[in-house]
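Here is the structure we will look at, set down as structure tokens.
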There are 2 protein chains.
Amino acid sequence: MRGRNQQHWQGQFMGCGYRMTKPREEILGVMEKTMDHLSAEDIYLAVHKFYPNIGLTTIYRNLELLVKMELIVKFEFGQGKAKYELADQYSKKEHHHHLVCKKCSRIFDYSDFMEKEVRFLKDTEKGLSKKYDFQITKHLIQFYGYCNKCQKK
Amino acid sequence: MRGRNQQHWQGQFMGCGYRMTKPREEILGVMEKTMDHLSAEDIYLAVHKFYPNIGLTTIYRNLELLVKMELIVKFEFGQGKAKYELADQYSKKEHHHHLVCKKCSRIFDYSDFMEKEVRFLKDTEKGLSKKYDFQITKHLIQFYGYCNKCQKK
DNA sequence: TCCCTTATTGGTAATGGTTTTCATTACTAA
DNA sequence: TTAGTAATGAAAACCATTACCAATAAGGGA
């Protein structure tokens, strides 16, 4: 089950003295195939189907590594467990942010209104990093509320 | 140790069938006096000084209640523990967002560039809620990176 | 190909923030 | 005073994540 990024990933691992192992291949494979936001346990269960020997520890360890390598991104939506997505450049999805439903906990991606956002972020990051001498590496923009099904109309 | 919001809070509690108790008074008192972003444990330790019988459970329970009543706000900065601040209208601070240092974990408030932000949020929230039929109640904007002391220059 | 070194793994136990449970106490309204 | 209910504190439970450790496997060199 080789994804289209397989070659590239192999190179990334090797280049850093890491190895392309079965668990890593499966984790990335699962993430490549889904449009969802998966928790460590979700990934564990999915990988477990093809590779029943996998340990939950291995999932956590590799998720941490993959985040460090910037192949995937970790999100916290205030739901008690972290969720993971493939990094933009490896994903079928465009660059996006999230709407989080406070009732059903579903996450909705959106890629709209990005021109405005990009302008806002550019200006703000520039201003902040100068004023506070703070080197910004990442921003987080999320909206919380009630989705279509969960709002009382 | 009555804070300037005491009267108002008393009214808020009574109006909802809740009571203004000693633990609640102390928790709000601690939060009123600090400029920091306190964890449940921080608050526990601070309250414990004046009120040694306080239980950690009571802290958690009341923080949850105070969040629900919108007297305080809960933040998650990806540091494994939630932090709390007095809501804007009760706080000495202006409306603000946060810079989070990935190295030393300190949180820096900023209130700059809000005109740009307000414009961006207004437009984006309007567009999103219409397009996705999503009722937005809250937004989260945070920047991560390295503070003055932690960046390698 | 066979070693050798070192990365990697999986199971289990531990961690740590947060919640639940439950018996007790403290208000408040009648 | 009393009944009804809110609130508390201690201890136990929860649960996502991490640490530990012995066993395994991948890749480079001979």
Side-chain angles (χ1 to χ4, degrees), chain A residues 6-7 9-30 37-69 71-72 74-84 105, chain B residues 9-28 30 37-69 71-84 105:
Chain A
Q6 193 82 8
Q7 288 307 313
W9 287 332
Q10 172 98 28
Q12 291 284 94
F13 283 113
M14 304 309 283
C16 304
Y18 300 126
R19 297 166 188 171
M20 180 53 125
T21 64
K22 189 94 171 122
R24 287 170 188 175
E25 192 178 322
E26 294 297 347
I27 290 171
L28 287 165
V30 164
H37 310 81
L38 303 178
S39 67
E41 194 189 358
D42 294 333
I43 296 167
Y44 170 74
L45 292 173
V47 171
H48 189 266
K49 287 182 192 158
F50 314 50
Y51 190 71
N53 278 349
I54 193 77
L56 187 51
T57 306
T58 301
I59 301 288
Y60 276 106
R61 241 183 330 229
N62 282 318
L63 287 174
E64 187 187 357
L65 177 68
L66 295 172
V67 167
K68 199 172 69 184
M69 293 172 70
L71 303 184
I72 66 174
K74 178 179 185 175
F75 288 97
E76 322 238 8
F77 296 115
Q79 302 172 160
K81 62 182 76 168
K83 304 217 166 167
Y84 300 83
S105 296
Chain B
W9 287 332
Q10 173 99 24
Q12 291 285 95
F13 282 113
M14 304 309 282
C16 303
Y18 300 126
R19 299 167 187 166
M20 179 52 124
T21 64
K22 187 90 171 130
R24 287 171 189 174
E25 192 179 321
E26 295 296 348
I27 290 170
L28 287 165
V30 164
H37 310 81
L38 303 178
S39 67
E41 194 190 358
D42 295 333
I43 295 167
Y44 170 75
L45 292 173
V47 171
H48 189 266
K49 286 183 192 159
F50 312 50
Y51 189 70
N53 277 350
I54 191 78
L56 187 52
T57 307
T58 302
I59 300 289
Y60 275 106
R61 243 183 326 231
N62 282 317
L63 288 174
E64 189 187 355
L65 177 66
L66 295 172
V67 168
K68 199 173 69 185
M69 293 172 69
L71 303 184
I72 67 174
V73 185
K74 178 179 186 174
F75 287 98
E76 321 239 9
F77 296 116
Q79 302 173 160
K81 63 182 75 167
K83 304 218 168 167
Y84 299 85
S105 296

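Letters A, B, ... mirror the listed sequences (proteins, then strands); counts begin at 1.
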Q) Tell me, which pairs form a salt bridge (charged side-chain N to carboxylate O under 4.0 Å, His left out) where one or both residues lie in residues 13-22 of chain A, sequence neighbours left out? A) A:Lys22-A:Glu26
Q. Is any side-chain heavy atom of A:Leu71 less than 4.5 Å from a side-chain heavy atom of A:Leu65?
A. no
Q: Only pairs at least two apart or in different chains count here, so list each side chain to side chain donor-acceptor pair (under 3.5 Å) that has a residue in residues 41-50 of chain A.
A: A:Ser39-A:Asp42
Validation: residues 55-62 of chain A side-chain donor-acceptor distances under 3.5 Å, sequence neighbours left out:
from, atom 1, to, atom 2, distance (Å)
A:Thr58, OG1, A:Arg61, NH2, 3.4
A:Asn62, OD1, A:Arg24, NE, 2.8
A:Asn62, OD1, A:Arg24, NH2, 3.4
A:Asn62, ND2, A:Thr58, O, 3.2

Q) Whole-Å distance between C:dG16 P and B:Ile59 CD1? A) 20 Å
Q: Examine C:dT18: is either OP1 or OP2 under 4.0 Å from a nitrogen or oxygen in the side chain of B:Tyr60? Give yes or no.
A: yes
Q) Does A:Thr21 have a side-chain nitrogen or oxygen under 4.0 Å from the phosphate oxygens OP1 or OP2 of D:dA26? A) no
Q | First encountered from the 5' end of DNA chain C, between A:Leu65 and B:Ser39 | A | A:Leu65
Output a table of nitrogen or oxygen pairs between the protein and nucleotides 20-30 of chain C separated by less than 3.5 Å.
from, atom 1, to, atom 2, distance (Å)
C:dC27, O2, B:Arg19, NH2, 3.2

(Q) Nearest whole Å is fine: how far is C:dT9 P from A:Glu26 CD? (A) 12 Å
**Q.** Residues in side chain to side chain contact (heavy atoms under 4.5 Å, CB included) contact with A:Ala82, at least two apart in sequence or another chain
**A.** A:Lys74, A:Tyr84
Q. So do B:Phe13 and B:Met69 actually touch side chain to side chain, heavy atoms under 4.5 Å?
A. yes
**Q.** By side chain to side chain contact (heavy atoms under 4.5 Å, CB included) - contacts of B:Glu64 (at least two apart)
**A.** none
Q) Does OP1 or OP2 of D:dT8 have a side-chain N or O of B:Arg24 closer than 4.0 Å? A) yes
Q. Once you round it to whole Å, what is the distance between P of C:dT19 and NZ of B:Lys81?
A. 15 Å
**Q.** With A:Tyr51 via ring-ring contact (aromatic ring centres under 6.0 Å, His included) - residues at least two apart
**A.** none
Q.
Do A:Phe77 and A:Lys83 have side chains that approach each other closer than 4.5 Å (heavy atoms only, starting at C-beta)?
A. yes
Q | Nearest listed nucleotide, side chain of B:Thr58, among D:dA16, D:dT8, C:dT9 | A | D:dT8
Q. Roughly, in whole Å, what's the span from CD in A:Glu76 to C1' in C:dT18?
A. 15 Å
Q: Could you pull out all residues at least two apart from A:Tyr18 that satisfy ring-ring contact (aromatic ring centres under 6.0 Å, His included)?
A: none
Q.
Heavy atoms only, 4.0 Å cut-off, all strands: where does A:Tyr44 land among base, sugar-phosphate and nothing?
A. nothing
**Q.** Gap between atoms CD and P, on B:Glu41 and C:dT18 respectively (whole Å)
**A.** 9 Å
Q: Would you kindly give the NZ-to-P distance between A:Lys74 and D:dA16, to the nearest whole Å?
A: 14 Å
Q: Could you tell me whether A:Tyr51 contacts a base, only the sugar-phosphate backbone, or nothing, with contacts defined as non-hydrogen atoms closer than 4.0 Å?
A: sugar-phosphate
**Q.** Distance in angstrom units between A:Tyr18 OH and C:dT8 P, rounded
**A.** 7 Å
Q.
When the axes are fitted on five pairs at both termini, how much does the helix from C:dT1-D:dA30 to C:dA30-D:dT1 curve, in 10° steps?
A. 20°
Q) For A:Asn53 and C:dT8, what is the distance between atoms CG and P respectively, to the nearest whole Å? A) 19 Å
